[in-house]
Amino acid sequence: MNGWLLTAGGIAAATTVIHVLAGGKSVVRPLLGSEVAAEPRRTLHVVWHMVTADLVLSSVALLALAFAAAPSTALALFIAAQYLAYAVVFLVVTLAADWPRPLLQLPQWILLLPVGVLALVGTR
């Protein structure tokens with residue numbers, strides 16, 4: 001068993017649950033009820049579900065890799081890169097906004113960054 005990948009997978013799974021429950025309520029519902037034109041609104045709705053699918057699949061993959069006799073380093077590195085990229089995007093967008101305490105306005109990076117780092121360490 002690879003403890004690094006197991007921890008990354010556990011945090012990724014928790015992130016997925018938070019994404020679905022909290023994000024659905026605070027992001028998707030307001031989006032769908034907004035005055036945004038139908039095409040961009042539905043496109044963003046689809047993107048929301050694409051992210052959900054990605055989070056589910058990467059969580060399952062990390063957990064499977066944690067228990068694999070010979071885990072795929074390439075897959076673990078890909079998932080690590082993906083989560084690190086997601087964290088960077090959230091940090092850049094958040095820091096570019098003119099908000100007080102910007103790092104807490106979009107805190108998703110707080111869960112994404114550890115998954116990326118732990119998955120990366122788990123490949124060593």
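All figures in this text were calculated on a predicted structure; none of them were measured in a lab.
Hydrophobic clustering, with ILVMFWY side chains joined whenever heavy atoms are under 4.5 angstrom apart, groups Leu112 together with Leu103. Both Val51 and Phe90 are members of a single hydrophobic cluster when ILVMFWY side chains are connected at heavy-atom separations under 4.5 Å. Under a hydrophobic clustering in which Ile, Leu, Val, Met, Phe, Trp and Tyr are joined whenever their side-chain heavy atoms come within less than 4.5 Å, directly or via other members, Val20 and Val27 fall into different clusters. Linking ILVMFWY side-chain heavy atoms closer than 4.5 Å, directly or via other members, places Ile11 and Leu63 in two distinct hydrophobic clusters. Residue Val89 is grouped with residue Val115 when hydrophobic side chains (ILVMFWY) are merged at heavy-atom distances under 4.5 angstrom, including chains of intermediate members.
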Give the C-alpha distance, both sets of side-chain angles, the deciding distance and a yes or no for side chain to side chain contact (heavy atoms under 4.5 Å, CB included) between Leu55 and Tyr83.
-> CA-CA 10 Å; Leu55 291 172; Tyr83 274 79; 3.4 Å; yes
Apply the test side chain to side chain contact (heavy atoms under 4.5 Å, CB included) to residues Leu111 and Ile18: give CA-CA distance (whole Å), side-chain angles for both, the deciding distance (0.1 Å), then the verdict.
-> CA-CA 10 Å; Leu111 292 171; Ile18 292 168; 3.8 Å; yes
Should Leu32 and Arg42 be marked as a side chain to side chain contact (heavy atoms under 4.5 Å, CB included) after you check the CA-CA gap, both sets of side-chain angles, and the distance that decides it?
-> CA-CA 8 Å; Leu32 293 177; Arg42 291 299 173 191; 3.6 Å; yes
From CA spacing to verdict: side chain to side chain contact (heavy atoms under 4.5 Å, CB included), Thr15, Gln108 = CA-CA 8 Å; Thr15 301; Gln108 290 87 335; over 6 Å; no
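A distance of 6.0 Å separates CG of Leu65 from CG of Leu5, quoted to the nearest 0.5 Å. Between the CZ atom in Phe78 and the OG atom in Ser58 there is a gap of 9.5 Å [rounded to 0.5 Å]. Atom CZ of Arg124 is separated from atom OG1 of Thr73 by 10.0 Å, given to the nearest 0.5 angstrom. Taking CG of Leu84 as the start and CH2 of Trp109 as the end, the distance is 13.0 Å to the nearest 0.5 Å.
For Thr94 (side chain) and Leu91 (main-chain N/O), no donor-acceptor pair under 3.5 Å exists by modelled atom type. Side-chain atoms of Ser59 come within 3.5 Å of backbone atoms of Ala12 as a donor-acceptor pair (strictly under, hydrogens ignored).
Under the 4.5 Å side-chain criterion, counting only non-hydrogen atoms from C-beta, Leu31 is not in contact with Trp48. Counting heavy atoms from C-beta on, the side chains of Thr43 and Glu39 come closer than 4.5 Å. When side chains are defined from C-beta on, Ile79 counts as touching Leu62, because their heavy atoms get closer than 4.5 Å. Here the side chains of Tyr86 and Leu113 are not in contact, with every heavy-atom distance at 4.5 Å or above. Put simply, the side chain of Val46 reaches to within 4.5 Å of the side chain of Met50, judged on heavy atoms. Two residues are said to be in side-chain contact when any heavy atoms from C-beta on lie closer than 4.5 Å; Leu6 and Phe67 meet this criterion.
Between Pro30 and Lys25, the shortest heavy-atom contact is CD-O, 3.3 Å. Taking every heavy atom of both residues into account, Arg41 and Val36 meet most closely at NH1-O, 2.5 Å. In terms of heavy atoms, Leu120 sits closest to Ala80 at N-CB, 3.6 Å.
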